[in-house]
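Naming: A, B, ... by sequence-line order, numbering from 1 per chain.
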Protein chains: 2
Amino acid sequence: MTAHVSHAPAGAPDLTAPRWLDAEEQRAWRAWLFSAQLLMDRLDRELTHATGISHAYYEILVALSEAPERMMRMSELADRCLSSRSRLSHAVSRLEERGWVRRQVCPEDGRGQLAVLTEEGFAALDGAAPVHVESVRTHLFDQLTPDQVENMRDLGETLLGHLDPATVRTLP
Amino acid sequence: MTAHVSHAPAGAPDLTAPRWLDAEEQRAWRAWLFSAQLLMDRLDRELTHATGISHAYYEILVALSEAPERMMRMSELADRCLSSRSRLSHAVSRLEERGWVRRQVCPEDGRGQLAVLTEEGFAALDGAAPVHVESVRTHLFDQLTPDQVENMRDLGETLLGHLDPATVRTLP
DNA sequence: GTAGCGTAGTTGAGAGCTTGACTATTCCGC
DNA sequence: GCGGAATAGTCAAGCTCTCAACTACGCTAC
């Protein structure tokens, strides 16, 4: 960013002036942003390339595999995957075409749909998981000391507590 | 992820077995992933909603505004924005339609194109920057202690050093 | 029961991204 | 110089996401 300078007189701080980042904050922010973008991109590419499953689809399969009876309400699944309803609906349709998920009307609520992981879907996940965990190891945990891992967890949970207090409670 | 257990005998560790994450690692990884996704999504939405400029476009404008003469080679700009050549080419075309960027053949290399930030583009960035910095403050720095900010920088730079050693040197 | 409202999920159109092919130009070895 | 390899950038086709309707069902009050 080009330099932005507040022109408020020293004695009267301008409370509406943008709270620009200082050099340290700028550096921290960019390091975080770039590393996060690169890491997600790398993990997604390696997974997609090796297994044909994008990280977004992988997350859906994981969520279903962990759910009781390997089935979940569409909305609940969308929340769990940080996805919009619409996006999830499209994604599940595509997973259905691959035979990995099927839809089923919800017995308790006629409006609802259940997404159910099929045996084929579970097998696909089972094949992809070792690939993905190896990527996460290589590009994340292998690079960090135990203290850094602890800091990562602390940072993540702090931000999560602000951005979405409901999700922080669903952590393992 | 459902439980995955290595069946190798204790005396002969299986070096090809997936290095699954333990509970602590799982927790750290998910906290990081969810918070990163939510934060990026939030910042992008707030910026797009308030200014009509997506975060991806914002990054292009920022990179150009910081470049000498507010111009940059297409490839260099793509690298700086962690974007593919193709994606950047499309994005610059759309920014050109808005009158914020224009293309210019590179004098030194007839194959190359220079993306140049226009006055209108600079004005658009100038209007968007306060909105964006306020989002970053609200959802990131206001939530963290100075120690956490320091940890964030450390983590980001560590990961960046592994994922893209070239980029870490371009930090402010 | 039925009108009205809220919720669950889907759909279609349009925007943006990815992949891979393609053009134009430069670089390099002879 | 000149032919072949490498590089810069663009483009078309297909896929995914977003936004804004839209359908279908459930809940509540009368």
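- Residue A:Arg73 places its side chain closer to C:dA8 than to any other of D:dC11, D:dT16, C:dA8.
- Checked for salt-bridge contact, B:Arg103 and B:Glu96 meet the test: a charged N lies under 4.0 Å from a carboxylate O.
- For the pair B:Leu114 and A:Asp109, nearest-nucleotide mapping onto DNA chain D gives the more 5' position to B:Leu114.
- Here C:dT19 presents its P atom at 16 Å from CG of B:Leu88, a figure rounded to the nearest Å.
- Checking C:dT7, D:dA8, C:dT18 against every side-chain atom of B:Arg85, the shortest atom distance belongs to D:dA8.
- If you check D:dT16, D:dT10, C:dT10 against the side chain of A:Tyr57, the one that comes closest is D:dT16.
- For A:Arg45 and A:Ser89, each mapped to the nucleotide of DNA chain C holding its nearest heavy atom, the one lying further toward the 5' end belongs to A:Ser89.
- Counting to the nearest Å, the C1' atom of C:dT7 and the CD atom of A:Gln113 are 14 Å from each other.
- Ion pairing between a basic and an acidic side chain is recognised when a charged N comes within 4.0 Å of a carboxylate O; A:Glu25 and B:Arg137 show such pairing.
- Salt bridge annotation for A:Glu150-A:Arg153: present, with a cationic side-chain nitrogen under 4.0 angstrom from a carboxylate oxygen.
- Ion pairing between a basic and an acidic side chain is recognised when a charged N comes within 4.0 Å of a carboxylate O; A:Arg73 and A:Asp79 show no such pairing.
- Checked by distance alone, B:Arg87 brings no side-chain donor or acceptor within 3.5 Å of a matching partner on the base of C:dT18.
- Distance from the side chain of B:Ser86 is smallest for C:dG20 among the nucleotides C:dG20, C:dA24, D:dT18.
- In this structure, CD of B:Glu96 is placed 15 Å from P of C:dG16, rounded to the nearest angstrom.
- Across C:dT10, D:dT18, D:dT10, the shortest atom-to-atom separation from the side chain of A:Ser84 is found for D:dT18.
- For A:Arg111, the side-chain atoms get nearest to C:dA8 when compared with the rest of C:dT10, C:dA8, C:dT25.
- A straight line from OH of B:Tyr58 to C1' of C:dG16 spans 21 Å, rounded to a whole angstrom.
- Using a 4.0 Å cut-off between a side-chain N of Lys or Arg and a carboxylate O of Asp or Glu, B:Arg70 and B:Glu119 qualify as a salt bridge.
- Proximity note for B:Arg94 (side chain, C-beta onward) versus C:dT10, C:dC17, D:dT18: the nearest is C:dC17.
- Rounded to an integer number of Å, the gap from NE2 of A:His90 to C1' of D:dT18 is 8 Å.
- One can place CD of B:Gln104 at 18 Å from P of D:dA8, the figure rounded to the nearest angstrom.
- The distance from atom CE of A:Met74 to atom C1' of D:dC25 is 16 Å, rounded to the nearest whole Å.
- Remark: P of D:dG26 and CD of A:Glu108 are 12 Å apart, rounded to the nearest angstrom.
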